[in-house]
Participant: 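Submitted below is the structure of interest, expressed as C-alpha cells.
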Amino acid sequence: MTEAILLVGGKGTRLRPLTVNTPKPMVPAAGVPFLSHQLARARAAGVDHVVMATSYLAEVFEPYFGDGSQWGLHLEYVTEEEPLGTGGAIRNVASRLHSRPDEPVLVFNGDILSGLDIRALVDQHTRADADVSLHLTRVSDPRAFGLVPTDSTGRVTAFLEKPQTPEEIVTDQINAGAYVFTRSVIDTIPAGRPVSMERETFPGLLAAGAELHGMVDSTYWLDLGTPESFVRGSADLVLGRAPSPAVPGRCGERLILESAAVARDAKLTGGTVAGAGAEVGAGARIDGSALLDGAVVAPGARIRDSLIGAGARIGADTVLDGAVIGDGAVIGEGNELRGGIRVWCHARIPAGAVRFSSDR
C-alpha cells in the first residue's frame, strides 16, 4: 500500500461560520489544520503518495502543504470545476494514481477523526480478495448515518441510507468514512458527472455481485461535521483520547502553542488549545475549548466547550458555553452566550448586550 485519496472538497456548511474563510479540513484541531492529523496517520501506516480531491476554497491547501515532503509524502492536488459528489471526486483523480489494477488504494473522507488501524483494513481487504472494503463503526443512534449490515464473513449485504423508522434500523453498523478500493474498481465509476459513492457506487457494485467487505473497528471515531463535534474532537486530540502523531506538543489538559500568551493565573483545562498568537488574560477560565490563532480572551472570562475563531476578541467577564465565535468577531465585556449560539465572522456584540441565549 503506497497511495491514498483524500476527499477534501466539501463546503462544510454545518460548520459555519468556521468554514466561511477556511475549508473544513483546514480548520485547526489541536493547534494544526485537521488535515494534518489525517496525513500524519496515513504516513505512519505506510502511505507515501496522497492525491487530494479539492473543490471549495481549493487554493488554500497547496500553499500550506506544498509537495508534502515536509510530511514525508508526495502530495498532488486535483480541483473539481463543478461539484462531483464523493464517487465522482474519486473518479476525477484516478489519472494521478500510480497503483496497478490489482493493488489497493485508500480513500478517506476529510472530516473523520478516527483511531482506525489502517494496516488492518488493508490486510483484511487483501485476504478477502475484495473489490472494496469499508471501515465500519457502531453507534447508539444510527439515524443520521448510512447503515451497512454484514454477514458472518464480513461481506456487506446492503446499504441503507439514514433510516428513520425502527423497522429500517437493522444494524448499528455505519459507514465510517474510510475505504480500500482495488484500483481497477475506481475506473468503473462514471466520469465527468456527479456520483454519490453512498447512493450509487456502493449499491451498484453490490447489485452487480462485487465483493464488498466491512471491517468493524471499535476504536475512537468521530464525525467532525458540526461545531460541537469539532470542538470535542480537538479536545480529545489534546487529551490523548484520539491518536495523532501531528499534535504539536504533549497530550494533557491543555495545549499552548509557543507564541501564545497565557496569564499565570488563567486556568486552561479539558483539552483546551491556545493557538499561535492567542492571548488569555488574568483569571480567565477555559475548559474543553479551542482558541484559534490570534484569538484574545480578556481577564475574567469563563469559556466552556466553545470555539473562538482566528483573531476574535472576547471581552472581560464574558461567559461562553457551547458557543462558536467566527473569525474576527468582537464580543464585548459582560455578555453571556450559551446553548450552541453562533456569532458570525467580524460581528460585534456590545458590552452587556446579551445575557443568555438558548438553542435555536
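Every value quoted in this text rests on a predicted model; they were computed, and no experiment measured them. Quick note: residue numbers are just sequence positions, from 1.
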Participant: Any donor-acceptor pair under 3.5 Å linking the side-chain atoms of H125 with those of T182?
Facilitator: yes

Participant: What residues, two or more places apart in sequence or in another chain, satisfy salt bridge (Lys or Arg N to Asp or Glu O under 4.0 Å) together with D129?
Facilitator: none

Participant: Mind running side chain to side chain contact (heavy atoms under 4.5 Å, CB included) on L237 and H37 for me, showing each step along the way?
Facilitator: CA-CA 9 Å; L237 283 162; H37 301 291; 3.6 Å; yes

Participant: When you measure from the side chain of D172 to the backbone N and O of R138, does any donor-acceptor pair fall under 3.5 Å?
Facilitator: no

Participant: Just by modelled atom types, is the A310 backbone N or O under 3.5 Å from a matching donor or acceptor in the D327 side chain?
Facilitator: yes

Participant: Distance-only, no hydrogens or angles: does the R183 side chain make a donor-acceptor pair with backbone N or O of A94 under 3.5 Å?
Facilitator: yes

Participant: D117 vs T219, test: side chain to side chain contact (heavy atoms under 4.5 Å, CB included). Steps then yes/no.
Facilitator: CA-CA 8 Å; D117 186 335; T219 57; over 6 Å; no

Participant: With rounding to the nearest 0.5 Å, note down the distance linking CD1 in I5 to CZ in R91.
Facilitator: 10.5 Å

Participant: How are the rings of W71 and Y64 set to each other: parallel, tilted or perpendicular (split at 30° and 60°)?
Facilitator: tilted

Participant: Are side-chain heavy atoms of M52 and L39 found at a separation under 4.5 Å?
Facilitator: yes

Participant: Using atom types as modelled and distance alone, determine if a side-chain donor or acceptor of N335 lies under 3.5 Å from a backbone N or O of P350.
Facilitator: yes

Participant: Applying side chain to side chain donor-acceptor pair (under 3.5 Å) to S133 and Q124, what does each step give before you reach the verdict?
Facilitator: CA-CA 8 Å; S133 295; Q124 177 171 306; 5.6 Å; no

Participant: Hey, quick one: are V139 and L134 part of the same hydrophobic cluster, counting side-chain heavy atoms closer than 4.5 Å, chains of contacts allowed?
Facilitator: no

Participant: Give a yes or no on whether V324 and V27 share a hydrophobic cluster (residues Ile, Leu, Val, Met, Phe, Trp, Tyr; joining criterion: side-chain heavy atoms under 4.5 Å apart).
Facilitator: yes

Participant: Please say yes or no: joined through hydrophobic side-chain contacts below 4.5 Å, possibly via intermediate residues, are Y220 and F230 part of one cluster?
Facilitator: yes

Participant: Just jot down the ring pair (Phe, Tyr, Trp, His ring centres under 6.0 Å) partners of Y179, sequence neighbours excluded, or say none.
Facilitator: F202

Participant: Check S234 against A30 and note the closest heavy-atom contact, atom names and distance.
Facilitator: OG-N, 2.9 Å

Participant: Work out which heavy atom in L337 is nearest to a heavy atom in A323; give both atom names and the distance.
Facilitator: O-CB, 4.2 Å

Participant: Which pair of heavy atoms, one from I308 and one from A295, lies closest together, and at what distance?
Facilitator: CG2-CB, 3.9 Å

Participant: Is it true that L239 and V247 fall in one hydrophobic cluster, defined by side-chain heavy atoms closer than 4.5 Å?
Facilitator: no

Participant: So I90 and V107, do their side chains get closer than 4.5 Å, heavy atoms only?
Facilitator: yes

Participant: Is any side-chain heavy atom of R14 closer than 4.5 Å to one of D223?
Facilitator: yes

Participant: Donor-acceptor pair, S259 side chain versus G277 backbone, under 3.5 Å?
Facilitator: yes

Participant: Heavy-atom count around E59 CD within 6.0 Å, excluding the residue itself: above 12?
Facilitator: yes

Participant: What distance do R43 atom CZ and D48 atom CG have between them, rounded to the nearest 0.5 Å?
Facilitator: 6.0 Å

Participant: State, without any angle test, whether S229 and T226 hold a side-chain donor-acceptor pair at a distance under 3.5 Å.
Facilitator: yes

Participant: Report yes if some heavy atom in the side chain of F61 is under 4.5 Å from a heavy atom in the side chain of L35; otherwise report no.
Facilitator: yes

Participant: Donor-acceptor pair, Q38 side chain versus N109 backbone, under 3.5 Å?
Facilitator: yes

Participant: Counting C-beta onward and ignoring hydrogens, is there a side-chain heavy-atom pair between V195 and T201 closer than 4.5 Å?
Facilitator: yes

Participant: Apply the test side chain to side chain contact (heavy atoms under 4.5 Å, CB included) to residues L121 and L116: give CA-CA distance (whole Å), side-chain angles for both, the deciding distance (0.1 Å), then the verdict.
Facilitator: CA-CA 8 Å; L121 180 64; L116 169 69; 4.1 Å; yes

Participant: Just checking, is any N or O donor in the side chain of E333 or T318 under 3.5 Å from an acceptor N or O on the other one?
Facilitator: no

Participant: I need the minimum non-hydrogen distance between L106 and V180, along with the two atoms involved.
Facilitator: CD2-CG2, 3.8 Å

Participant: Working to the nearest 0.5 angstrom, can you tell me the gap between D321 CG and R338 CZ?
Facilitator: 5.0 Å

Participant: Under the salt bridge (Lys or Arg N to Asp or Glu O under 4.0 Å) criterion, do R232 and D236 qualify, and how do the steps go?
Facilitator: CA-CA 6 Å; R232 176 183 160 196; D236 285 347; 3.7 Å; yes

Participant: Out of curiosity, R193 CZ to I189 CD1, how far, rounded to the nearest 0.5 Å?
Facilitator: 10.5 Å

Participant: Charged N to carboxylate O below 4.0 Å: is that the case for D123 and R119?
Facilitator: yes

Participant: Side chains of D151 and T157: is there a donor and an acceptor less than 3.5 Å apart?
Facilitator: no

Participant: For the residue pair R342 and P17, establish whether any side-chain heavy-atom pair is separated by less than 4.5 Å.
Facilitator: yes

Participant: Drop me the distance from L291's CG to I314's CD1, to the nearest 0.5 angstrom.
Facilitator: 8.0 Å

Participant: Tell me if a side-chain donor or acceptor on D67 pairs with a main-chain N or O of L75 at a distance below 3.5 Å.
Facilitator: no

Participant: Do the side-chain N and O atoms of T272 and S289 include a donor-acceptor pair separated by under 3.5 angstrom?
Facilitator: no

Participant: Is it the case that one hydrophobic cluster holds both V93 and I186, taking links as side-chain heavy atoms less than 4.5 Å apart, direct or via other members?
Facilitator: yes

Participant: Search all heavy atoms of G315 against all heavy atoms of A301 and return the closest pair with its distance.
Facilitator: O-CB, 4.0 Å

Participant: Check whether any side-chain N or O of S36 sits under 3.5 Å from a backbone N or O of P33 as a donor-acceptor pair, and report yes or no.
Facilitator: yes

Participant: For R302 and G300, indicate whether the former's side chain and the latter's backbone hold a donor-acceptor pair under 3.5 Å.
Facilitator: yes

Participant: Of all residues at least two apart in sequence or in a different chain, which pass the salt bridge (Lys or Arg N to Asp or Glu O under 4.0 Å) check with R16?
Facilitator: none

Participant: Are S218 and T137 close enough, and set up right, to give a side chain to side chain contact (heavy atoms under 4.5 Å, CB included), and what steps lead you there?
Facilitator: CA-CA 6 Å; S218 60; T137 193; over 6 Å; no

Participant: Taking L84's backbone N and O only, do any of them form a donor-acceptor pair with E80's side chain (distance below 3.5 Å, no angle check)?
Facilitator: yes

Participant: Using side-chain heavy atoms (C-beta onward) and a distance below 4.5 Å, is L147 in contact with Q173?
Facilitator: no

Participant: Just by distance, no angles: are the side chains of H98 and E103 close enough, under 3.5 Å, to form a donor-acceptor pair?
Facilitator: no

Participant: Report, as yes or no, whether the 6.0 Å neighbourhood of atom CZ on R155 holds more than 12 heavy atoms from other residues, nucleotides or ligands.
Facilitator: yes

Participant: Quick one: closest heavy-atom pair of E3 and L97, and the distance?
Facilitator: OE1-CA, 3.5 Å

Participant: Working to the nearest 0.5 Å, report the span between CZ of R250 and CG of L255.
Facilitator: 12.5 Å

Participant: Under 4.5 Å between any side-chain heavy atoms of V185 and L205, yes or no?
Facilitator: yes

